[in-house]
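All ligand and atom numbering here is 1-based and tracks the order in the structure.
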Amino acid sequence: MKKIRKYYYTAVLFLLAGLTPLAAQQIIAVKTKNNALVLQVNSAKEVNTIYFGEKLANDTDYDKIAGQYHQGNDYTGIYNSVYTPSGSKNLLEPAITVTHADGNTSLDLHYVAHKTTQAGEGVSQTEITLKDPVYPVEVHVFITAYFENDIIEQWTTIKHAEKGMVTLNKYASANLYLKGNNNFWLNHYHGEWAKEMQPEEARLTHGIKVLDSKLGTRANLFMPSVFMVSLEKPATEDEGKVLFAGLEWSGNFRTDLEVDPFNNLRIISGINNAAADYKLAKNETFTTPKFWYTLSNKGKGFASRNLHDWARNYKILDGKGQRVTLLNNWEATYFDFDETKLKGLIADSKNLGVDLFLLDDGWFGNTYPRNDDTAALGDWDVSKKKLPNGIGTLVKTAIDNKVGFGIWIEPEMVSPSSNLYKNHPDWVIKQPERPEHYFRNQLVLDLSNPKVQDFVFGVVDQLFTENPELAYIKWDCNAVIYNAYSKNLKANQSNLYTDYVTGLYKVLERIRTKYPKVPMMLCSGGGGRVDYAALKYFTEFWPSDNTDPLERVFLQWEYSYFYPALTLSAHVTDWGKQPIKYRTDVAMMGKLGFDIVVKHLSEGDLAFCQQAIKNYSALGSTIWQGTQYRLQSPWGNDAASVMYVNKNGNEGVMFNYSVNNRYDSGTHNPIKLKGLEAGKNYQVEEINVYPGKKTSVTTAVFSGDFLMQVGINPNVNTTNTSVVLKITRV
Ligand code: DGJ
């Protein structure tokens with residue numbers, strides 16, 4: 001009787017809250033334009049994934065799927081759990097593991113209710129409430145579906161009402177389940193400094209493949225969280241079933257890809273739990289980061305284009321906006337500059353025709369001058385020796401020259417040779433009893449500490465307060481976390497990796513509340529940090545310190561699967577042996593900048609750059625906001641080709657780069673264009689032609705049909721290494 005009354009009251013409460021109480025074998029379907037993620041509540045109240053794939057015509061068909069598989073016995077019925085608990089009957093990799101306040105390590109999660117609400121135009125949010133029947137632990141699984149873009153985001157909240165702390169030993173964001181026949185191909189990335197985004201593809205075998213990071217801060221140095229899984233066979237640009245995914249988290253992550261005993265793929269992704277048990281107090285809510293994914297039945301290009309649109313619409317700061325071209329002084333001067341030199345470079349920025357001058361590392365530090373990378377991080381006072389009149393005079397010179405002024409900072413870090421380190425040793429992440437270990441001669445500040453958060457916010461705030469016209473920030477982050485220990489966290493040391501990142505987001509949130517629009521570049525000693533949580537605060541990121549344009553063709557190609565061109569900072573530098581035209585043409589496929597000594601340019605090179613910058617500005621919105629087509633891969637071909645078409649379809653640009661210097665290499669065949677209308681005509685015109693040189697492609701009009709069926713030969717070879725073609729609908 002008591003039980004019935006309890007159920008009755010619970011049901012009434014759910015109805016009042018707009019939630020749906022349990023009905024046996026209930027189906028929860030999350031749909032996007034092309035796909036459906038279908039969950040089922042079984043009779044034991046477990047929520048399992050029964051389908052994730054192309055939408056079926058009849059909803060009633062989802063129920064029949066399971067019966068068509070004879071893959072063996074699922075001994076426990078939850079291999080396909082939407083959020084697999086551990087310590088009860090689960091035998092595979094869990095999404096969540098906890099230690100209760102009384103030391104017990106078992107968890108079971110039962111369906112309580114679910115609801116789906118509109119979270120914006122074309123965006124739905126499904127929330128499923130799960131509870132442990134024995135312990136007062138509650139998990140909410142959130143699934144947000146962006147209908148038009150076929151993107152789903154998934155995350156959870158975890159809460160308990162136990163007397164004392166519950167330890168979260170594992171606390172993933174999402175737990176996907178893909179039916180298959182042991183035929184999954186994982187494409188993931190590894191890297192190092194100047195070698196970011198190196199792809200590797202292999203068929204997954206039974207057991208668990210783990211993609212992860214334990215670096216703490218510049219978490220993507222060795223591996224980013226983004227990956228692809230092709231189903232049945234490796235997908236190509238335009239064919240095949242492929243899942244793209246990544247975690248929106250700027251710290252340690254872990255993704256388990258487990259081919260289970262029955263040949264299906266379980267994907268569990270979230271914050272890395274290595275050395276990161278999380279102590280959760282009673283009634284506190286832990287929110288896991290969002291895990292995004294998209295499934296394409298038309299190859300990688302389709303997945304990528306959906307992702308770009310979604311990212312520009314919902315994720316990237318000012319994703320629908322403009323970007324600035326700039327001249328950076330890092331490689332032009334390194335630490336060796338003074339006011340006169342910088343004023344000269346500001347004048348060079350104007351002469352070159354870029355929008356902004358960006359002052360890099362080395363402008364601060366007096367007690368410990370920043371003349372190399374061994375000192376002064378943390379002491380953000382302007383160097384009196386190098387810049388006796390402060391930053392203000394540089395900002396003014398920039399304004400007089402009609403260019404913006406931007407500045408480099410690395411506010412999360414501290415040099416042991418600094419006043420900050422001497423005055424606040426307790427703000428530094430380091431083991432009290434162990435020798436310090438440095439990464440680029442520096443240590444990391446403890447962002448779990450609110451006082452440190454105030455300090456880091458203050459670095460940016462002071463710069464803007466003193467220089468309200470400041471137009472750009474480059475935010476660097478070079479050190480990893482060694483000797484993880486926080487004076488601030490006392491007994492909860494293993495919360496550090498997580499609290500560091502949430503502390504960072506708190507600072508960025510404050511910065512964006514006060515300075516919502518100023519462009520900021522996310523840099524991390526190259527491409528050590530980029531994800532869609534960070535890009536909420538940044539307009540662009542630095543993909544790599546490797547600016548050799550040949551390397552950049554490959555790097556930018558790989559990044560372009562996951563990030564649209566307006567986020568990919570690409571600077572023309574003196575790396576590599578290629579002519580200025582090749583270097584500029586390569587940088588133009590991303591967000592163009594320069595890091596060269598303009599005065600060293602020959603007359604022809606300068607004239608070329610000036611013209612190229614004008615072309616870039618004119619084509620900017622097509623490159624930043626257009627639809628990207630990767631036409632020919634640099635891998636295995638003599639030339640790579642990338643194209644952008646604006647959303648109106650009346651303008652496009654095609655970048656072609658030689659990537660092979662061997663005898664007779666070049667584009668012997670035409671390259672087929674994409675994204676045009678077959679029945680319309682287009683003028684094809686070569687731009688970025690070096691002064692005094694003949695064009696390699698004569699301006700002509702072709703039908704869209706011809707350009708897409710036959711293609712055009714950009715005539716790239718070992719002496720004509722890059723060709724940029726502008727496509728205009730006539
Ligand atoms: C690492 C960055 O990647 C470089 O672009 C430059 O800003 C240096 N740091 C400055 O120390």
Tell me whether Arg552 is salt-bridged to Asp548, with the criterion being a basic N under 4.0 Å from an acidic carboxylate O. no
Non-neighbouring partners of Thr340 that pass side chain to side chain contact (heavy atoms under 4.5 Å, CB included), sequence neighbours left out: Asp338
Atom 11 (O) of ligand 1 sits nearest the protein heavy atom Asp361 OD2, 2.6 Å
Checking a contact table here: which protein heavy atom is nearest atom 9 (N) of ligand 1, and how many Å away? Asp476 OD2, 2.6 Å
Just which atoms of ligand 1 are under 4.0 Å from any heavy atom in [X]?
X	answer
Cys523	2 (C), 3 (O)
Lys474	4 (C), 5 (O), 6 (C), 7 (O)
Asp360	6 (C), 7 (O), 10 (C)
Gly525	1 (C), 3 (O)
Asp545	1 (C), 2 (C), 3 (O), 4 (C), 5 (O)
Trp542	3 (O), 5 (O)

Does Asp373 come within less than 4.0 angstrom of ligand 1, counting non-hydrogen atoms of the residue? no
Would you call the rings of Phe562 and Trp292 parallel, tilted or perpendicular if under 30° counts as parallel and over 60° as perpendicular? tilted
Quick check on the 6.0 Å ring-centre criterion: do Phe335 and Trp363 meet it? no
Centroid separation under 6.0 Å, is that true for the rings of Phe541 and Tyr563? yes
Is it true that atom NZ of Lys385 has more than 12 heavy atoms of other residues, nucleotides or ligands lying nearer than 6.0 Å? no
Are Tyr189 and Asn187 linked by a side-chain donor-acceptor pair shorter than 3.5 Å? yes
Under a plain distance cut-off of 3.5 Å, with no hydrogens placed, do Asp361 and Trp330 share a side-chain donor-acceptor pair? no
At under 4.0 Å between heavy atoms, is it the side chain or the backbone of Arg218 that contacts ligand 1, or both, or neither? neither
Polar atom proximity, Trp408 to ligand 1 (N or O, under 3.5 Å): yes
